[in-house]
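FYI, side chains are in, hydrogens and waters are out, and symmetry mates aren't considered; it's all heavy atoms of this structure.
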Amino acid sequence: SGGNPNATYSFGAGYFNQEGIQLAQNFTRYSAKATADVKIGKYLKIGESFLLSRVERNVQSEDFANAGAGSAQNAPFFQPYTADGKYNPTNVTTTGGAQAQNFLWSADPEIGYTEMKSNNVLGSLYAEFEPIKGLKYKPSLGLDYNEATGLFYQNAVDFSGIGSPRTAIMVNEQPKESTLTLSHTLTYDKTFGKSKITALIGYEQTSYLLRRLRVQGNGLFNPPLGLAGGSASFGSAETADHWNIQGKLARIFYSYDNRYLITATVREDKSSRFSSANNSGTFPSFSLGWRLSEEKFMQKSKLFNDLKIRA
């Protein structure tokens with residue numbers, strides 16, 4: 001980080017890795033962030049902030065769910081491996097009819113896994129223009145973009161060892177979503193004598209878009225490849241979502257001697273997720289405040305350093 005009276009900047013990067021307490025669990029995150037603020041001339045200031053991140057995560061598949069509790073219920077004499085080092089199946093011969101499940105076999109990534117990877121971009125740009133003292137116009141643009149890949153894989157394994165392997169399955173789901181926010185605010189702040197007034201008008205629009213593609217293959221011809229396309233049966237589906245929210249805001253705040261406070265606000269919101277006859281609403285509000293801690297009879301109070309009543 002660094003800067004001078006007219007510009008500041010910072011950059012940071014991070015790495016985090018954690019192994020799960022149980023098998024088939026881990027979490028890894030890579031991140032980088034950059035910010036900058038620059039003053040141009042006497043009246044203009046611009047800035048940006050961007051955060052890039054990638055997350056890689058493995059979670060327990062269905063066969064390994066509740067493995068801690070399940071292992072505690074296993075027959076104590078059950079061996080997870082055979083004498084030649086292979087995984088031991090669970091049948092009457094190996095368990096003697098007792099309850100047992102080979103969770104080590106279930107946790108092997110060659111047998112099955114659930115894997116999630118995501119890339120995220122979170123960024124914003126803004127400008128602030130102050131043509132006269134106290135009057136500021138600020139437009140800003142924000143983006144939250146995320147794309148991910150989720151994989152579920154199960155190999156054709158015969159856990160019981162009786163010649164009935166399960167079906168080899170591959171599921172690949174890829175969602176992409178973005179949220180774009182545009183806002184404009186105009187603020188005027190003025191102090192005269194013991195009075196202070198702040199007025200604000202603003203406009204904001206948010207647009208959200210989601211597209212999700214899912215493919216699934218059952219009966220994989222070559223399970224180790226992990227490709228849903230090479231399967232006896234194949235299915236796909238696609239979903240999408242898109243909506244917009246638009247908001248307008250006006251607010252005025254007045255205070256006298258930092259003791260008596262008045263705020264009036266009105267906001268109008270409109271959403272595309274409702275019908276045109278019911279997609280907007282207006283929400284006014286009004287408040288009065290009294291900061292007792294600024295009164296003379298509270299100046300010597302050691303119990304409160306800031307006490308305000310607001311209705």
Worksheet item: Would D37 and Y126 count as a side-chain hydrogen bond (donor to acceptor under 3.5 Å, both in side chains) if you check the C-alpha gap in whole Å, the side-chain angles of each, and the deciding distance to 0.1 Å?
Response: CA-CA 9 Å; D37 296 283; Y126 81 90; 2.5 Å; yes
Fill in: Members besides L151 in its Ile/Leu/Val/Met/Phe/Trp/Tyr cluster (side-chain heavy atoms under 4.5 Å)
Y113, Y153, M170, L220
Fill in: Side-chain heavy-atom pair T187, L135 within 4.5 angstrom cut-off
no
Item to complete: Would you check if there is a donor-acceptor pair between the side chains of N26 and R57 at a distance under 3.5 Å?
Response: no
Fill in: Test: K270 and E268 ion pair at under 4.0 Å
no
Worksheet entry | Note: R211-E238 ion pair, threshold 4.0 Å (strictly below) | yes
Item to complete: Indicate whether any N or O donor in one side chain lies under 3.5 Å from an N or O acceptor in the other, for S195 and Y254.
Response: yes
Worksheet item: Excluding sequence neighbours, so at least two apart, what forms side chain to side chain contact (heavy atoms under 4.5 Å, CB included) with K42?
Response: none
Fill in: K45/E128 ion pair, N-O < 4.0 Å
no
Worksheet item: Going by distance alone, is a donor N or O of one side chain under 3.5 Å from an acceptor N or O of the other, for Q79 and Y81?
Response: no
Worksheet item: Do S140 and S183 get their side chains close enough for a donor-acceptor pair, meaning under 3.5 Å?
Response: yes
Discussion item. Looking only at the side chains, is there a donor atom on one of N88 and T82 sitting less than 3.5 Å from an acceptor on the other?
Written reply: no
Worksheet item: Cationic tip of K138 within the cone over F129's six-membered ring, i.e. under 6.0 Å and within 45° of the normal?
Response: no
Worksheet entry | Main-chain N/O of N244 paired with S272 side-chain donor or acceptor, under 3.5 Å | yes
Worksheet item: With no hydrogens and no angle check, do the side chains of N74 and N102 hold a donor and an acceptor under 3.5 Å apart?
Response: no
Worksheet item: How would you list, by chain and number, every residue that makes a side chain to side chain contact (heavy atoms under 4.5 Å, CB included) with S164, sequence neighbours excluded?
Response: I162
Item to complete: Look only at the side chain of Q154 and the backbone of T167, and say whether a donor-acceptor pair between them is shorter than 3.5 Å.
Response: yes
Practice prompt. Using the ring pair (Phe, Tyr, Trp, His ring centres under 6.0 Å) rule, collect all pairs that involve residues 89-112, keeping only residues at least two apart or in two chains.
Written response: Y87-W105, W105-F159
Worksheet item: Any sub-3.5 Å donor-acceptor pair from R166's side-chain atoms to N155's backbone N or O?
Response: yes
Worksheet item: Is a side-chain donor-acceptor pair under 3.5 Å present for T35 with S10?
Response: yes
Worksheet item: Residues two or more places apart in sequence or in another chain: which of them pass ring pair (Phe, Tyr, Trp, His ring centres under 6.0 Å) with Y15?
Response: Y30
Discussion item. Quick one about Y203 and Q246 (side-chain donor to acceptor, distance below 3.5 Å, no hydrogens or angles considered), yes or no?
Written reply: yes
Discussion item. For A148, give me all partners under side chain to side chain contact (heavy atoms under 4.5 Å, CB included), at least two apart in sequence or on another chain.
Written reply: S118, N146, P175
Worksheet item: So, D189 versus T198: side-chain donor-acceptor pair below 3.5 Å or not?
Response: yes
